[in-house]
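Reviewing the structure listed below.
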Amino acid sequence: MKKAQVVFVLGGPGSGKGTQCVRIVENYGYTHLSAGDLLRAERSREGSEFGQLIDNHIKDGKIVPFEITIKLLKKAMEETRKLDEKKIHFLIDGFPRNEENLQGWTTIMDGEADVNFVLFFDCSNEVCINRCVERGKSSGRTDDNRASLEKRIQTYLQSTRPVISLYEKQGKVRTVDASCGVDKVFANVKTILDKEI
Ligand code: ADP
Ligand code: C5P
Ligand code: MG
């Protein structure tokens with residue numbers, strides 16, 4: 001079986017990762033897996049032993065233990081490939097969020113997936129917070145409120161930025177200015193992807 005080819009998609013909460021991933025899927029042959037979406041689905045799954053733990057972590061903007069998240073990602077990748085073995089290109093959105101995520105991935109997934117590069121959506125904390133507060137009017141998310149967002153931004157600065165820096169040192173980060181409109185951001189994403197593929 002061919003190794004999966006992965007692009008990690010990172011950026012602050014509300015930087016537009018999910019929005020841009022949808023556009024990428026429409027235009028390129030990627031499968032989009034959002035770690036946050038998978039955790040929210042696991043939280044609501046009847047019989048899940050991790051429901052409460054995930055719920056608490058999400059509300060507090062904390063990172064869920066990597067074993068849980070990686071197991072969900074691995075399963076989703078395997079299910080995708082079982083349905084169509086040609087689907088080897090994955091956008092993994094919102095992961096790795098900290099060094100434990102990254103180390104866990106390296107240990108568990110190294111033989112099964114190559115990380116091609118990191119697509120980094122860069123914008124100010126203020127823009128991130130405003131977008132999430134706006135999203136909170138309709139998202140129903142327990143973490144799209146100012147109290148959770150302050151914690152999410154702290155987690156992003158303390159835990160996720162260092163992971164982006166690690167990849168930067170390896171020359172693997174492709175940075176997009178995420179502060180402009182959706183179409184302009186996507187035009188920049190396209191320029192990057194067209195160079196990579
Ligand atoms: P993330 O997945 O990074 O948390 P989302 O893609 O869910 O971010 O976007 C967060 C919110 O901001 C959503 O309500 C989305 O519609 C909006 N949004 C996304 N990209 C932009 C953009 N470039 N300009 C303005 N609003 C945006
Ligand atoms: O990416 P998203 O904004 O959907 O993530 C929501 C929350 O899910 C994060 O704030 C965090 O609590 C949790 N999460 C996590 N580990 C990841 C991705 C998301 O714990 N790798
Ligand atoms: Mg998202």
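For ligands, and for the atoms within them, numbers begin at 1 and follow the listed sequence.
When only non-hydrogen protein atoms are considered, atom 18 (N) of ligand 1 lies nearest to Arg131 CD, 4.1 Å. Counting protein heavy atoms only, atom 23 (N) of ligand 1 is closest to Cys180 O, 2.8 Å. Nearest protein neighbour of atom 4 (O) of ligand 1, counting heavy atoms only, is Gly14 N, 2.9 Å. Looking only at heavy atoms of the protein, atom 2 (O) of ligand 1 is closest to Gly18 N, 3.0 Å.
Aromatic rings of Phe95 and Phe8 (six-membered ring for Trp) have centroids within the 6.0 Å cut-off, being under it.
Between the side chains of Asp122 and Thr175, no donor N or O sits under 3.5 Å from an acceptor N or O. When only modelled atom types and interatomic distance are considered, Tyr28 and Asp194 share a side-chain donor-acceptor pair under 3.5 Å.
Atom CD of Glu126 is surrounded by 12 or fewer heavy atoms from other residues, nucleotides or ligands within 6.0 Å. In Glu85, the CD atom is not crowded: 12 or fewer heavy atoms of neighbouring residues, nucleotides or ligands sit closer than 6.0 Å.
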Phe120 and Tyr167: CA distance, side-chain angles, deciding distance, side chain to side chain contact (heavy atoms under 4.5 Å, CB included) verdict: CA-CA 10 Å; Phe120 169 40; Tyr167 276 112; over 6 Å; no

Candidate pair Lys75 and Glu78, rule salt bridge (charged side-chain N to carboxylate O under 4.0 Å, His left out), full reasoning: CA-CA 5 Å; Lys75 185 159 166 259; Glu78 283 165 2; over 6 Å; no

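In the vicinity of Val182, heavy-atom distances shorter than 4.0 Å reach the ligand 1 atoms 20 (N), 21 (C), 22 (C), 23 (N). Every atom of ligand 1 with a heavy atom of Thr19 under 4.0 Å away is listed here by number and element: 5 (P), 6 (O), 9 (O), 15 (C), 19 (C).
Among the atoms of Gly16, some N or O lies under 3.5 angstrom from an N or O of ligand 1. Between Arg135 and ligand 1, a contact under 3.5 Å exists for at least one N or O pair.
Residues Cys123 and Cys128 share a closest heavy-atom pair of SG-SG, 3.6 Å. For the pair Ile70 and Gly104, the tightest heavy-atom approach, listed with the atom from each and the gap, is CD1-C, 3.3 Å.
Every residue was checked against the side-chain hydrogen bond (donor to acceptor under 3.5 Å, both in side chains) condition with Thr191, not counting sequence neighbours, and none meets it.
Closer than 4.0 angstrom to ligand 2 sit non-hydrogen atoms from Ala35, Gly36, Leu39, Arg40, His57, Ile58, Lys62, Ile63, Val64, Thr69, Gly94, Phe95, Arg97, Asn101, Arg141, Asp143, Arg152.
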